[in-house]
Each structure stands twice: as C-alpha cells, then as structure tokens.
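My questions will all concern the structure given below.
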Amino acid sequence: MGNFIKQTFASLIGSLLGLFIFGSISTVGFFLLVFAAASSDSEPKVKDSSMLVFDLSTQITDGKPDSGLVLQQALSGNYQKQMTLRSVLDALEKARTDKRIVGVYLDARNASGAGSAGFATLKEIRKALGKFRDSGKKVVAYGVGWGEKEYYLSSVANTVMVNPYGGMEINGFSSQPMFLAGALEKFGVGVQIVRVGKFKGAVEPLVLKQLSPENREQIQILLNDLWGEWRGTVGKSRKMTPQQLQSIADTKGLLEPDEAKTNRLVDKVAYFDEVVTQLKQLTKTDSKEKSFKQIDLDEYAQIADKSLSRDSENKIAVVYAEGAIVNGDGEGGEVGGTRFAKIFRRLRQDKDVKAVVLRVNSPGGSATASEIIQREIRLTRDVKPVVVSMGDTAASGGYWIAVDSNRIFAEPNTITGSIGVFGSIPNIQKLANDNGITWDSVKTAKYADIGTATRPQSDAELAIFQSSVNRIYNKFLEKVAKGRNLPQAKVAEIAQGRVWSGKAAKDIGLVDEIGGLDAAIEYAATEAKLGDKWQLQEYPRRSSFSERFFGKVSEETQTVFKSSNNKNLLESNHPLTVEFEKLKAEIAAVQSMNDPLDVYARLPFNLVIE
C-alpha cells in the first residue's frame with residue numbers, strides 16, 4: 001500500500017512537472033515553429049509535365065480567412081482547405097500558360113456540394129477551367145458520389161470518371177424552408193410582424209407553418225431559372241439538350257455508374273488506381289512511381305500570386321462584403337456598417353486608389369447599417385469609379401449597398417433583388433406566465449414600453465412600427481429608382497421583396513451586365529483609365545498570425561477566436577444533421593439582427609438550394 005501511495009504521488013508530481021514544462025517550453029516551441037513556417041521563403045516546386053490537383057471539397061470564400069480563425073480550426077481538428085475565389089482564378093490563369101502544367105485533375109472523391117461555394121462562384125471557376133481546357137490542356141474529373149454542384153463544375157472536363165461503386169444524383173433543385181411558428185406557438189412565444197412587400201418571405205418561418213402562395217411562386221421561378229442555367233451549361237459541355245437532362249432528373253434521379261455512362265454523363269467507370277495510371281501516362285510519370293507528378297492548387301496559388309502580381313502606384317481596391325449586414329463593427333463573417341463605412345472613407349481619401357470594386361455576397365440584414373454603408377459608397381463614387389460584382393447572393397440589404405455604383409455585374413445564377421423591408425416584435429408573455437413569471441409596468445408616457453417582449457403590441461403600437469417600415473421601404477424604392485435610372489412605379493412593381501436570379505435581374509434592369517469578379521475589375525480599370533498599370537488591394541485587411549501575437553492588428557479585423565459563426569467544416573451530411581444545421585442557421589440569423597430600429601432588409605430566411 002505504501003509503495004502504491006509513493007508511486008501515485010511520484011506520478012502526480014511527474015505529471016504536474018510535465019505540464020509545467022509543456023506550458024513554459026513547448027508553447028514557445030510551438031509558436032517558434034509557426035513563425036518559422038510563416039517566415040519561410042521556400043516556394044513550392046513544380047515538376048515538368050505536372051497535373052494541377054483541385055480538391056473540390058476546398059472551401060471557396062470571397063475574402064481571405066482570418067489567420068486566427070484558421071489557427072483555431074487547426075487546433076480544434078476541424079481544419080479544411082480554404083482558398084479565395086481570387087486565388088483560384090489567378091492560379092488557373094497562371095497554369096493555362098505555364099508549360100510545366102499539362103492539365104488539371106478535379107478530385108471530387110471527398111466533395112459534398114463542392115464545398116461551401118454557391119452556383120455563382122462555381123460559374124466563375126467553371127469559366128476559368130473552360131478557358132484552361134480551350135488552351136489545349138487536359139481537364140480530368142473523378143468522383144464517387146456526384147451531386148449537382150460538383151458535377152456542374154466537373155462537367156467542363158475533357159474526361160469525367162466515376163467509381164464503379166459510386167453513383168450520381170441528378171434530380172433537380174429543391175428548397176425546403178424550415179418553419180418555426182408551430183414551435184413558437186407551442187412554447188408560448190408570440191411574434192408580431194410589420195412588413196412591406198407581398199414577397200417578403202424572410203418573416204414567414206416565424207408566423208406561418210408553410211409557404212405563402214406568393215413566396216412559393218417566387219421560389220419556384222427562382223429555382224426554374226437556376227435549374228435552367230444548370231441544364232444549359234452542363235448540356236453544352238456534355239453535348240446534351242436541356243430536355244435530355246430534364247428527362248434524366250424526372251425518370252432517374254439517382255443513377256448507378258453504368259447508367260451514368262449510358263446516359264453520357266460520364267465517360268468512364270474506373271477505380272482510383274486506374275485513374276492514377278491514366279494520369280501517370282498524361283504526366284509522363286514512371287509507372288514504378290507511387291503516384292503521378294502533381295501540385296495542389298492551393299500550393300500552386302502561391303506561385304501564381306507572385307507571378308501575376310503587378311507593381312504599380314495605381315491601386316484598384318476590392319472590398320469583400322461577405323455575410324449578414326449588421327449594425328456596428330460586426331464580427332468575422334459579418335458586414336459591419338461602421339467598419340465598412342470606415343473602409344470606404346479611407347479608400348475615398350487614398351489618392352493611390354483609383355477605383356473600387358465592391359464584391360457583395362450577402363443576404364442583407366440591418367437597414368440602418370445598409371444605409372450607412374451605401375452613403376459612403378455614394379460619396380466614394382463621386383470621387384472615383386465604384387463597380388459592384390455580385391457573388392452567390394446579393395439580396396435586400398446586399399442590393400441596397402450595390403445600387404449607387406457605376407455598374408453592377410452578376411452571374412446568371414446569382415440570387416439578388418428582395419427589395420423589401422420588415423420588422424419583427426417577439427413577446428414571451430405566455431411562455432413566462434405558464435412558468436409563473438409575470439410583469440407589471442410603471443411609465444411616464446403612453447408608449448414608454450413600446451417594443452417590450454413581455455406582452456403583445458397594441459394596434460396603435462403596431463401602427464407606429466408599420467409607419468417606420470413604410471418610410472424605410474419608400475426610401476429603398478427611391479434609392480433603387482435613382483441609382484438604376486428606373487421609374488419608381490416600375491421599381492415598385494418589381495420590388496415587393498421578390499427574389500430574382502441574376503439573369504432575370506438583368507432583364508428587368510436591376511443588373512447591368514452578366515459577368516464575374518474579373519469582369520468587374522477589368523471594367524473598373526477601364527473606367528479609371530488605367531490600362532494595364534494597376535495593382536489590386538483587398539479589404540478588409542487581414543492581420544498575420546505574428547501581428548496578432550505581438551498585438552499589431554489591422555483595425556478592420558476582429559480579435560482571435562471572436563467569430564461565433566465558425567462552422568464545423570467536417571459536418572455529416574446525414575439528413576437529420578442537415579435539418580439541425582438549418583435550425584442553427586435560422587437561430588444565427590435571428591441573433592445577427594441588431595438594427596437599432598429593428599427594421600431589416602434581408603433575403604427570405606437562409607434560402608438553401610438542395
């Protein structure tokens with residue numbers, strides 16, 4: 001027994017000593033390793049006849065991910081490859097003329113929905129891949145479980161292959177909004193709504209148990225537009241008509257590998273080792289080698305970034321407005337009105353910045369914050385060109401901040417419009433009363449407690465809220481009419497909170513031109529009369545890990561680990577998990593609503609295309 005106690009005590013002391021040593025030495029060592037890696041000037045090596053490997057599970061974002069967030073993901077074990085759209089496009093353009101690169105291998109074995117990118121982002125990447133292929137180089141795609149997203153991107157390939165035990169899902173698009181009204185009712189939470197626009201579906205999950213006829217109509221038209229673009233684009237690459245693809249979606253839905261080949265959706269059914277053998281031949285790799293000569297796209301992007309960078313005093317600023325629009329500075333993944341207004345003020349005053357491209361990828365949010373940003377954009381446009389590039393989504397508040405630019409670019413499958421305004425006033429009176437909680441009130445004026453969550457609002461109080469919403473909606477219409485040079489009656493007709501595809505938005509005058517981020521940048525350079533003498537600068541600025549560690553951070557960035565919107569990037573695709581994530585997204589959307597007047601210009605809640 002004595003020996004046991006001695007051994008236990010010694011073990012305890014040893015453990016404590018080990019923890020002390022680890023805390024005081026290994027942490028320093030860890031940071032030294034990080035700094036050493038960060039400061040390394042070694043450049044990825046590219047062998048002759050190499051394939052550029054593009055892992056389709058890579059998360060594609062507009063702006064650069066914050067270094068602190070990347071470290072957080074790495075330490076938590078949730079890290080996944082992340083690249084910006086700009087770096088992907090630049091790398092593919094560099095590879096197109098790089099004699100060492102013979103082709104691109106699209107690896108869809110672990111892809112599920114082609115990462116987090118939407119169809120407008122995939123459209124831009126697809127065009128870059130098509131340009132690469134048209135240069136005479138090969139694009140090869142291989143997957144196991146193809147879905148519409150990854151197949152949309154991969155169908156541009158010269159050769160598409162599928163695993164013998166894989167399959168393909170070609171069953172069209174759907175959207176299944178989640179409605180919370182029944183649950184709120186069950187738990188005794190009431191929600192009163194004030195809104196303008198019969199299509200303003202953002203509030204429906206809180207007050208209805210199914211889609212309204214107007215919301216169902218707009219979602220159906222939007223899905224038809226996006227599905228039509230998908231069929232036309234994929235069909236052109238695979239030499240199939242849209243009608244043939246529609247027939248497959250209606251009669252098959254899920255195709256086995258042989259069926260996919262018979263229907264000309266894939267060229268070969270092959271195991272991965274057979275694909276490797278083919279890629280070895282393409283890259284002139286010795287058959288005895290374990291794999292073919294290759295370099296990952298994210299590594300190659302480091303080379304492309306250096307070789308394509310320009311050295312010029314003339315700057316084109318690209319500002320990434322990515323995420324919900326919120327009042328104040330906002331957190332990571334949000335567009336803070338105060339923070340982005342400050343960015344535009346600085347860019348307006350910077351004489352080296354000759355033009356600004358605003359990349360919008362936002363469902364909207366706070367009407368107040370949208371107006372704060374839009375005002376600064378308007379003032380900036382008076383001094384230098386401001387061009388908007390719409391990403392996957394640029395709706396409601398996301399459209400509000402775009403409307404006063406010189407020109408608006410969108411992809412045909414961008415989701416935009418949603419010109420409408422709403423406010424929601426929750427009350428928890430029944431929930432509280434059922435659990436023994438009550439309130440009393442003492443006030444000095446009739447409306448002193450207006451907006452309280454402890455009781456429903458009276459008709460007179462709702463009328464006050466409705467007046468505020470009407471005023472902001474009319475201001476929104478005026479801005480669109482003036483910015484787009486459209487009659488206000490026409491704007492009122494196409495507004496009503498209705499959502500449009502990029503193609504439809506161009507037809508009705510909400511968008512000027514179909515094109516991506518590159519097209520918007522080139523237009524900005526032309527407007528500023530820069531020729532090819534310009535250099536890109538991206539905002540918000542992201543501080544490096546070493547800057548954070550030593551306390552030297554950019555004003556536009558938030559503190560390490562602050563973002564509450566970080567998702568587990570390795571989530572399961574189990575149907576129950578998908579629905580749970582929808583619920584999380586709805587709750588997060590409500591939490592981000594911080595407008596001082598509680599008035600919002602936002603897309604219908606988390607419209608998800610499945």
When you check the gap from the basic side-chain N to the acidic O, do E513 and R407 get nearer than 4.0 Å? yes
Would you say the side chain of M240 lies within less than 4.5 Å of the side chain of L265, judging by non-hydrogen atoms?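 When only atoms from C-beta onward are counted, M240 and L265 do touch, with a gap below 4.5 Å.
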Less than 4.5 Å apart, any side-chain heavy atom of F119 and any of E411?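 No, too far: nothing below the 4.5 Å cut-off.
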Heavy-atom check, side chain of F340 versus side chain of I401, under 4.5 Å: no
Identify whether the distance between the nearest side-chain nitrogen and carboxylate oxygen of K288 and D286 falls below 4.0 Å.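 Here K288 does not pair with D286 in a salt bridge, since their nearest N and O are not under 4.0 Å apart.
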Would the distance check show the side chain of E204 and the main-chain N or O of N215 forming a donor-acceptor pair, the cut-off being under 3.5 Å?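 No, E204 side chain to N215 backbone: no donor-acceptor pair under 3.5 Å.
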Quick one: does any side-chain atom of T414 pair with a main-chain N or O of G391 as donor and acceptor, under 3.5 Å? yes
Short side-chain to backbone donor-acceptor contact, S362 and G364, under 3.5 Å: yes
Do the non-hydrogen side-chain atoms of V360 and T416 ever get within less than 4.5 Å of each other?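 No; the side chains remain at least 4.5 Å from each other.
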Any donor-acceptor pair under 3.5 Å from K64 side chain to T84 backbone: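 It does not hold such a pair.
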Exam field: side chain E150 to backbone G147, donor-acceptor pair closer than 3.5 Å: yes
Report yes or no: does N263 contribute a side-chain atom to a donor-acceptor pair with the main-chain N or O of E259 at less than 3.5 Å? yes
Backbone N or O of I494 within a donor-acceptor pair of the W500 side chain at under 3.5 Å?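 Confirmed, W500 side chain pairs with I494 backbone.
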Return the CD1 to CD distance between I221 and Q218, rounded to the nearest 0.5 Å. 8.5 Å
Identify every side-chain donor-acceptor pair in residues 156-163 under 3.5 Å, counting partners at least two apart or on other chains, and give the distances.
unit_1, atom_1, unit_2, atom_2, d
N158, OD1, V139, N, 2.7
N163, OD1, Y165, N, 2.8
N163, ND2, Y142, OH, 3.1

Minimal non-hydrogen separation, D225 against A504, with atom names: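 So the minimum-distance heavy-atom pair works out to OD2-CB, 3.8 Å.
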Could you tell me which non-hydrogen atom of E148 sits nearest to which non-hydrogen atom of W230, and how far apart they are? O-NE1, 3.1 Å
Specify the closest pair of heavy atoms between A91 and Y300, including all atoms of both residues, with the distance to one decimal. O-CE2, 3.4 Å
Output, in order, the C-alpha distance, side-chain angles, deciding distance and verdict of side-chain contact (heavy atoms from CB on, under 4.5 Å) for L56 and D107. CA-CA 6 Å; L56 297 192; D107 185 358; 6.0 Å; no
CZ-OH distance between F409 and Y523, expressed to the nearest 0.5 angstrom: 6.5 Å
Taking only residues two or more places apart in sequence, or in another chain, which ones meet F54 in a ring pair (Phe, Tyr, Trp, His ring centres under 6.0 Å)?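 So F54 forms no ring pair (Phe, Tyr, Trp, His ring centres under 6.0 Å) with any residue.
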Please answer whether the main-chain N or O of V234 pairs with a side-chain N or O of S237 as donor and acceptor at a distance below 3.5 Å. no
To the nearest 0.5 Å, what is the distance between OG1 on T262 and CG on L255? 9.5 Å
May I ask you to test the T283-V102 pair for a side-chain heavy-atom distance under 4.5 Å? yes
R86 side chain reached by V318 side chain, heavy atoms, under 4.5 Å: no
First locate atom CD1 of I170, then atom OG1 of T251, and finally report the distance between them rounded to the nearest 0.5 Å.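 Output value for this atom pair is 12.0 Å.
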Residue pair V326, V335: steps toward the side-chain contact (heavy atoms from CB on, under 4.5 Å) verdict: CA-CA 6 Å; V326 300; V335 182; over 6 Å; no
Shortest non-hydrogen contact from A117 to K149?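 In this case the closest contact between A117 and K149 is O-NZ, 2.5 Å.
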Would a 4.5 Å heavy-atom cut-off, applied to side chains only, mark S405 and V387 as touching?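 A side-chain contact under 4.5 Å is absent here.
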Verify salt bridge (Lys or Arg N to Asp or Glu O under 4.0 Å) between E93 and K131, making sure each step is shown before the conclusion. CA-CA 8 Å; E93 175 59 22; K131 189 176 179 182; 3.5 Å; yes
So with a 6.0 Å cut-off around CZ of R264, is the heavy-atom count from everything else above 12?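 For R264, atom CZ is crowded (more than 12 foreign heavy atoms under 6.0 Å).
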If you take all heavy atoms of P177 and L211, which pair is closest and at what distance?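 Nearest pair, atom of P177 first, then L211: CG-CD2, 4.0 Å.
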So, for I316 and V357, which heavy atoms are closest and what is the spacing to 0.1 Å? CG2-CG2, 4.1 Å
D90/K94 ion pair, N-O < 4.0 Å: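 No, D90 and K94 are not salt-bridged.
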May I ask you to say whether D392 pairs ionically with K123, meaning some side-chain N is under 4.0 Å from a carboxylate O?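 No.
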Check against side-chain hydrogen bond (donor to acceptor under 3.5 Å, both in side chains), R359 and S389: CA-CA 5 Å; R359 172 73 170 188; S389 167; 2.7 Å; yes
Between K268 and E274, does at least one N-O distance fall below 4.0 Å, as a salt bridge requires? no
Once rounded to the nearest 0.5 Å, what's the spacing between atom CZ of F292 and atom CD of Q281? 13.0 Å
Audit row: R109, S57, side-chain hydrogen bond (donor to acceptor under 3.5 Å, both in side chains) steps and yes/no: CA-CA 9 Å; R109 289 175 298 160; S57 67; over 6 Å; no
Under 3.5 Å: donor-acceptor pair, side chain of T285, backbone of K293: yes
Could you walk me through whether Q82 and D298 satisfy the side-chain contact (heavy atoms from CB on, under 4.5 Å) test, starting with their C-alpha distance in whole Å, then the side-chain angles of each, then the deciding distance to 0.1 Å, before giving a yes or no? CA-CA 8 Å; Q82 299 182 52; D298 56 343; over 6 Å; no
Report the distance from atom NZ of K137 to atom CE of M51, rounding to the nearest 0.5 Å. 10.5 Å
Report the C-alpha distance between K280 and V276 in whole Å, list the side-chain angles of each, state the deciding distance to 0.1 Å, and finish with yes or no for side-chain contact (heavy atoms from CB on, under 4.5 Å). CA-CA 6 Å; K280 280 183 179 181; V276 171; 4.0 Å; yes
Would you call K127 and E124 a salt bridge, taking side-chain N to carboxylate O under 4.0 Å as the test?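 Here K127 does not pair with E124 in a salt bridge, since their nearest N and O are not under 4.0 Å apart.
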Would a 4.5 Å heavy-atom cut-off, applied to side chains only, mark D267 and R238 as touching? yes
So, Y399 side chain and L510 main chain: donor-acceptor pair closer than 3.5 Å or not?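 Pair found, side chain donor or acceptor close to backbone of L510.
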